[in-house]
Asks: 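Okay, here's the structure, questions in a sec.
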Amino acid sequence: MPQSFPLISDHKQPQHWAITPNAGALTELAEGIWNCALQTNQRPLVVLSTAGPLIGVRAALEKNRPKDLPSNIAFLPQVISFTDWLEAAPGAWKFPKRQSDLERWLSVFVNLRKHKTLQAWFKAESEAGAWGLAQAVIDACDALSELVVPQLQNELNTLMDTHSLDPEAWLKKVELVLDQAIAKAYVGLSKKVVDEESAVLLAFWRYLTNVGDPVIRKHLAMAAHMQLAKKTAEKGRSTARPFIWVQTADPKPVDQELIACYLSDYAQYAPVVRVELDWQSVALWSEALCGQDAEGAIATPNALEEQQITNNIISSGHDNWRLLAARRFEELAWATAKSIESHLIAKKKNIALVAQDRLAARRARALLGRLGNSLRIRDETGWKLSTTRAAAAFDSLLGLIRAPKEGPSASVLLEFLQNPYFDLSYTLQKTPEVCKGLIAQLEDILVVSQAKSGWETFIAAIEKANGYASIHGSSPNMQLIALIQFVAKLHSGWQHSIFDCSGAYTQLQTNLQVAGMAQRLEKDAAGKQLLEVLKRFDLSGGPYQDLKMRLPEWLSLIKTVIEEASYEEAGKEAQATLSILPLSSTRLREFDAVVVVGCDEQQLPAFSEPPLFFSDSLNRYLKSSTITAQYIQQARDLSQLLVSCKHVDLLWQSKSKSGEPLRPSAWIQRLQVAFKKNPWEVEEVKLQPYESHSQPIQMPVSNPDWDLSIPTTVSPSAYKALRDCPYRYYVSSLLGLRKAKEFEEGFDASLAGQTLHALLKTFFQALKTEEKKSHSKIHEGDAARRQWMIDHLIQFSEKEFEKLIAGDARVLGTLRDWQKQVPSFVDWQLKRETEGWRYHDAELPVGFTLALTDPDGIEREIRIAGRADRFDIHQSDDSAAAVIDYKNQKIKKITDRAENILDDPQLLIYARGANENAIAARLPGRTVDQAEWVSLKADLDKGEEKIVRAHPVEDMPDVMAQFSDQIVKDLNDLWARKPMPAFAPESVCQYCEARGICRKGMW
Ligand code: SF4
C-alpha cells in the first residue's frame, strides 16, 4: 500500500515519507511534492541525493500538475541534485578557492618532496604509477575528511554568522578551525591504526587537507544554505520554503548521519520532508527487503518477510523477462545487439543497455553502428577521451617531446607527422599543392634507407635521396629538409631536464599552435574537449605555477589526466535512443525496454575496486561503503528494474574464457527456483551458421590479362624475381602491389650496405687522386701504400658513418665491425693490384636493350639496366676490364648465389651492359670478361692466409651465352602472357611480400 504524503506539521522535526520504487514511483513522488506545495502554499525545494532521476522527476511534476494552482506556486517546484544544490550555495564566491583535481595531485607531489617518510612509499612506482597512487591517496584522504569534518558542522555554522565580514579574515578563521580539528582527529585516529600503510596515509591526510578540498566546501555550502533558511525563518516561518530531501540510493553510514543531523537542524527553520524508498512490495530477494543488521551484516528475514518476498515474486511474473545465454563472447555481443534490434522493431523508443559486461556492451554498440543515425546511442558509462582520434594525435606529439636528444625514432616522427590534426601547409607556410605527398615521400625515403632514428640520420637520408634525384634528372625536394628542421626545432625546445609547470604549459600550447594542431582540434568535438582538459594545466597565478618537475613526470601527469577524462558525445535527433549505463543509473528512471548484458555469477553483482588503503573493517570504522552495502544496493536496483520495467532481457556468457561453465547470477537462479510452477526457461543463443563446402587451395597460377601493361624496363632485381617465382613478379611488377613499408627492429644492414658502397667509392677516387701526386707516400713502397690505404679507409669510414652514429648510437657497432675488416680488405685490393688490376670507376648506370616482337607482331624494345658497383681495368692488357659487386654478406652466401647465377645474373647484366655500351661505362676499347663478388664481411677468424674475400663468375663466356638465350625466352614468354605459376623454394618465399596473396603454406 502506498503511503500518503504526511501532513506538514509545525513540530520542527523532519517528517518521513516513503515511496514505492516501482513503475509508478515518479508519479507518486510528483504528487507528494505538489501536495507539499499546496499544504504550505510555498514552492518546495526538492533535492535529490543522486542526479540520475532529475529529468524524470521534472517531467512527472509537469504531467501531474494539479489544476487551478494559486499563482505563487504555479511554477514547477525547484528540483535539483545534491551536487548542484551545493554549487548554488549563497555566497559561494567567498568560499576558499576550489582546488582542482590537478592541484590536489600536485599537492601530493609537493608533500612527497617535503616529507622523507612518504617518499619511501612512492619509490618503486613508475611516473604513471605514482600519479595513479596519488589519486588513490586523495580519495582515501577524502574518506577520512568525510568522517572528521561533520564534527565541525557547528563551528562552520557559527563561522557562517561572520561570513559577511572581511572574506580574507574569514578564510583564515576557517583554516584555523580546520587545522585544529585535523590535529585533534589525527591523534585519535593514529591510536586506532596499527599498520604502517594506514599510518602513512594518515600522515598524508594531515599534510594534504586544505580548505579548498571538496569535502570542506561541501560542508561550507551546507552551512550557507542553513544560514539562509535561518534568515528567512527570522522573517516568519510561513515564508520559509519547504525542503524535500529525496534519498534515491542507500547512503553511506557517514552520509546517513550527516544528512539526518542536517535535516534535523534545518527543520528548525523550515518544513522538512525526507523521502525514502520503500522496498516492501518491490524487493525480489530478502537482502533487498531487509538490508543490513546492526552489525553491518545482511539481515536474516523472518517468516513474514519471506512470505512478502514470495508474494512479490509471484505478482511480478516473468512473462516479459527473457533469459538469454550465449556460449562465446561474439555470440553474446551479437545476441545483445539482436535483442535491442527486436525492441526497436517493436517500436520501443527509449531503451537501456545495462553494461555489467562492459566489453560485450562495447562490442554490441559497434554492431549497432550499422543502424546509422536512426538510433541515438548515449554512453553513460563514460567513454574515455583517451580512446578518441584527437587524443591519439595529441599522444603522437607527446611521443615526439619525449624522444631523446638525438631525435625520435622514425616511427615516432611519422606518427606525429601523419596525425590528421597536424597542418603541414600551415607549418611550412606553403600551399597545400606543394605539400601534397610530402609525408609519404619522407616515409619512403626513411624506409628505403632504413633511417630509423635521429635528426642527423633523417637529414642524411633526405640529402642522399635529393642527391640521387638531381643526378637522375628528377628534382630534389627541399621542403623535406625544412619539415625535419621544423620538427627538430619543436623537439629541441624540450631538451631541459627540469621544467616549471606553467612554462611547460605555455610551451605545449605554442607547439600546438605552430603545428596547426590547436586550430584543427578546435574544429573537432573530441579535440575541443581535449583542449579543455589541457587548459587545466594552465597553473599561472596559482600556487603551483613555479613548481618544478622533470619532463617525464610532467608528461605522465598529462597522460594520466587525459586517461581520467571522459568524452561526451554530442546529442543528435533520432527515432529512438539507446542509453548504455551502469545498473545504478537505472534508478527511478523509465525505459520502454531494458537489456542487461553480463548477468553471470561473476559480473552480477559487481563490486567496485576496494580502496587501495582500507580494509573492509577500516571502511566500516570510517562509515564508508562496504561490500555488503554494495551487494544490498544492487539487489535493490535489480529488483526495482525488474519490477518497474515491462520488458527486460537478461543475457550472459555461459562459458568462461577458460571453457568452464558460467552460471547466471545467483539472483537469477533464485528467481528460477521460485518460478518452478511456471518455469523460467533459458534460451540458448546461437549464431546462424553459413553453409559452404571447403575446397583445398591450389597453387595459384596467374594468367596476365592482355590489357595488363608489361614494363619495358627490367632491373636486375626484377629479373631475379621473375626467375625466382613468376607469380611474385606478376604481383610486384605487373600489378605493382607493395606491402606497407615498415621499419624493422634493430639497425638494418641495407643502410650499412649503402654507406659502405658510398665510402668505398670516395676512398678509391681519393686513391686515384693521390696516385697522381708524385711526392705522395704511397709511392714509397708496398708497406707505405698499404698503410696509407688502411689509414684513409678508416678515416673515410669514420666520416661517412658519423651522421648515422649521431642519429643512432647502435650504428657504432657496425662501423667497428667494418673497421676490423679494413686491413684484410686492403690486402685483397693490393693482391689484386699485383695481378695488374686497378680501380677504374664506381656506381655507374649500365644496361642493354633487347628487341622483341610481341604476339601482336609489334616490335618492342626492352631495356635491362642497373647500377654497377665498380669497374676495374687491367694495367698491362688494354682491352681487359672487370666488374665487381660488393656484398655485405659472408662468402658462404656468395658462393651459394654463384651456383645459381642464371637466376640471379646481376653481374652478367652489368658485363653485357658495359660491353654493349663501353662509352657509357667509361671503358672505351675494353671488354668486361671477368666478374666477381666481393664480400665486405669476410670471416676474419680464419687467419690472414685463409680469408676468402672474393668469388669470381666461372666460365664467363659460356654463362654469358646461356644468359642471353634465357633472357630472350623469358621475356618472350612474358610478352606472350604465358601462365605465371607460384613456385619457389622456402628460402625465397621467406622474405616474399606476395606470400599473403599466393597463400604459400596453404597449398
Ligand atoms: S611466397 Fe613463394 S611461391 Fe608465393 S609468390 Fe612469393 S616466392 Fe612465389
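Starting from 1, each residue takes its place in the sequence as its number. Whatever order the structure lists them in is the order used to number ligands and atoms, beginning at 1. What's counted below: heavy atoms across the whole structure, side chains too, no hydrogens, waters or symmetry copies. Just so we're clear, the structure is a prediction, and the values are computed from it rather than from any experiment.
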Asks: With atoms numbered from 1 as shown, which atoms in ligand 1 lie under 4.0 angstrom from a non-hydrogen atom of C725?
Replies: 3 (S), 5 (S), 7 (S), 8 (Fe)
Asks: Take the angle between the ring planes of F764 and Y839 and call it parallel below 30°, perpendicular above 60°, tilted in between.
Replies: parallel
Asks: Do other residues, nucleotides or ligands put more than 12 heavy atoms under 6.0 Å from R402 CZ?
Replies: yes
Asks: Within the supplied structure, the quantity of interest is the number of heavy atoms (other residues, nucleotides, ligands) at a distance under 6.0 Å from R977 CZ; does it exceed 12?
Replies: yes
Asks: Any carboxylate oxygen within less than 4.0 angstrom of a Lys/Arg side-chain nitrogen, looking at K892 and D896?
Replies: yes
Asks: Do K887 and E932 meet the salt-bridge criterion of a basic N to acidic O distance under 4.0 Å?
Replies: no
Asks: Just need the protein heavy atom nearest to atom 6 (Fe) of ligand 1, so name the residue and atom and give the distance.
Replies: C992 SG, 2.3 Å
Asks: Identify, by atom number and element, the atoms of ligand 1 in contact range of A984, meaning under 4.0 Å from any of its heavy atoms.
Replies: 2 (Fe), 7 (S)
Asks: What do we get for C998 next to ligand 1 when only non-hydrogen atoms under 4.0 Å count, side chain, backbone, both or neither?
Replies: side chain
Asks: What is the nearest protein non-hydrogen atom to atom 2 (Fe) of ligand 1, stated with its residue, atom name and distance?
Replies: C989 SG, 2.3 Å
